[in-house]
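All remarks here apply to the structure that follows.
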There are 2 protein chains.
Amino acid sequence: MSDGLARTLFALSDTNRLKIVELLKTGPLPVGEIAAQLRLNQPQTSKHLKVLLEADLVRIEPAANRRIYHLRTEPFQGLTAWSQSFEQQMISRMTRLETYLEQKQNAVNPKE
Amino acid sequence: MSDGLARTLFALSDTNRLKIVELLKTGPLPVGEIAAQLRLNQPQTSKHLKVLLEADLVRIEPAANRRIYHLRTEPFQGLTAWSQSFEQQMISRMTRLETYLEQKQNAVNPKE
DNA sequence: TTTATATATACCCTTTAAGGAATATTCCAA
DNA sequence: TTGGAATATTCCTTAAAGGGTATATATAAA
């Protein structure tokens, strides 16, 4: 999977990773905290974090013994931009279609 | 996977499904058209469409022999809303943190 | 240097995903 | 009612995901 957007979407498509991301939204946390709060095993937590890391959704700030995971904002901005423009294009296509149909209708059955 | 958002994200996380969705953005199409344009086998196209259907990303409009797949707007609106509010919350948390740190700094080392 | 703590990795197992080929189903037309 | 076109489904195979347990690695403290 080389597509960046697909990778972002995939990383977020697992419920546990989604929970991790929602948790990190409230602030950076070390692995152990994340595992504890979400009742996940530490190894799985690390593995999920690795997926998020490879999708650039998080970054690591080493602090002594621990590794603090921070959310990155860029991928979310990218996701918002994509989804929003997608929506926009769908809607404007539909609007154009409606307009076209109205005009066609008026041509067949003119009101004045 | 019962979480609606996770299901949406998963459905979109496959590159072929992403292509299908991008194609359908330009307008509704029957299965055969989708398969032809994306050079996918018909069975796989049907299977991918099923995943999209179960995630409520598309709807079917039967037309004689064929089944026309339409994109639905709601899930994209939901995705945009989620991602946007997510972003928003991240940013506002960071802003609060900056403000706090500035105040703390001013208290230690007052300018006037 | 040893020890403890936090985290990452390896290995195993089970489940699920995705592609291909063949077949079933549906609906229209003749 | 038979045939053909469009689509869905089934079966098979391969690859990858996710969870569990054990172990390796790294860093700080004793």
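So you know, we letter chains A, B, ... as the sequences are listed, proteins then strands, and number each from 1. Side-chain atoms are counted along with the backbone in the values below, which use heavy atoms only and exclude waters and symmetry mates.
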Find the distance between CG (L24(B)) and CG (L52(B)) and round it off to the nearest 0.5 Å. 8.0 Å
So, is R66(B) close to the dC28(C) phosphate, meaning a side-chain N or O under 4.0 Å from OP1 or OP2? no
Enumerate the residues from residues 50-60 of chain A whose closest heavy atom to DNA chain D is under 4.0 Å, giving them by residue number; use none for an empty result. none
Ignoring hydrogens and angles, state whether a donor on the side chain of S85(B) or Q89(B) is under 3.5 Å from an acceptor on the partner side chain. yes
State whether H48(A) places a side-chain N or O below 4.0 Å from either non-bridging phosphate oxygen (OP1 or OP2) of dA17(D). no
Sorted by chain and number, sequence neighbours left out, ring pair (Phe, Tyr, Trp, His ring centres under 6.0 Å) with F76(B) holds for F86(A)
Which residue pairs satisfy the salt bridge (charged side-chain N to carboxylate O under 4.0 Å, His left out) criterion with at least one member in residues 81-96 of chain B, sequence neighbours excluded? none
d(NZ, K19(B); C1', dG19(C)) in whole Å: 14 Å
dA8(D) C1' sits how many Å from L40(B) CG, rounded? 16 Å
All N/O pairs under 3.5 Å across the protein-nucleotides 21-30 of chain D interface:
| residue | atom | partner | partner atom | Å |
| --- | --- | --- | --- | --- |
| dT27(D) | O2 | N65(A) | OD1 | 3.3 |

d(CD1, I68(B); C1', dA5(D)) in whole Å: 14 Å
Any pair counted as ring-ring contact (aromatic ring centres under 6.0 Å, His included), so long as it reaches residues 24-71 of chain A, sequence neighbours left out: none
Short of 4.0 Å, heavy atom to strand atom, which residues of residues 26-35 of chain A count as contacting DNA chain C? P30(A), V31(A), G32(A)
Can you list every salt bridge (charged side-chain N to carboxylate O under 4.0 Å, His left out) pair that touches residues 25-47 of chain A, not counting sequence neighbours? E22(A)-K25(A)
Mind checking side chain to side chain contact (heavy atoms under 4.5 Å, CB included) for E54(B) and listing every partner two or more places apart, or none if nothing turns up? R7(B), K50(B)
Pairs flagged by salt bridge (charged side-chain N to carboxylate O under 4.0 Å, His left out) wherever residues 60-86 of chain A is involved - sequence neighbours left out: R59(A)-E61(A), R72(A)-E74(A)
With a cut-off of less than 4.0 Å, is there a side-chain N or O of Y69(B) near OP1 or OP2 of dA6(D)? no
Output all residues satisfying side chain to side chain contact (heavy atoms under 4.5 Å, CB included) with T45(B), sequence neighbours left out; order by chain, then residue number. V31(B), I34(B), A35(B), L40(B), L49(B)
Roughly, in whole Å, what's the span from CG in D14(A) to P in dA16(D)? 18 Å
L12(B) CG to dA18(C) C1', straight-line distance once rounded to whole Å: 17 Å
Residues that, via side-chain heavy atoms closer than 4.5 angstrom, fall in one hydrophobic cluster with L101(B): L97(B), Y100(B)
With sequence neighbours left out, write down each residue that passes side chain to side chain contact (heavy atoms under 4.5 Å, CB included) with T73(B), or none if nothing qualifies. M90(A), M94(A), Q77(B)
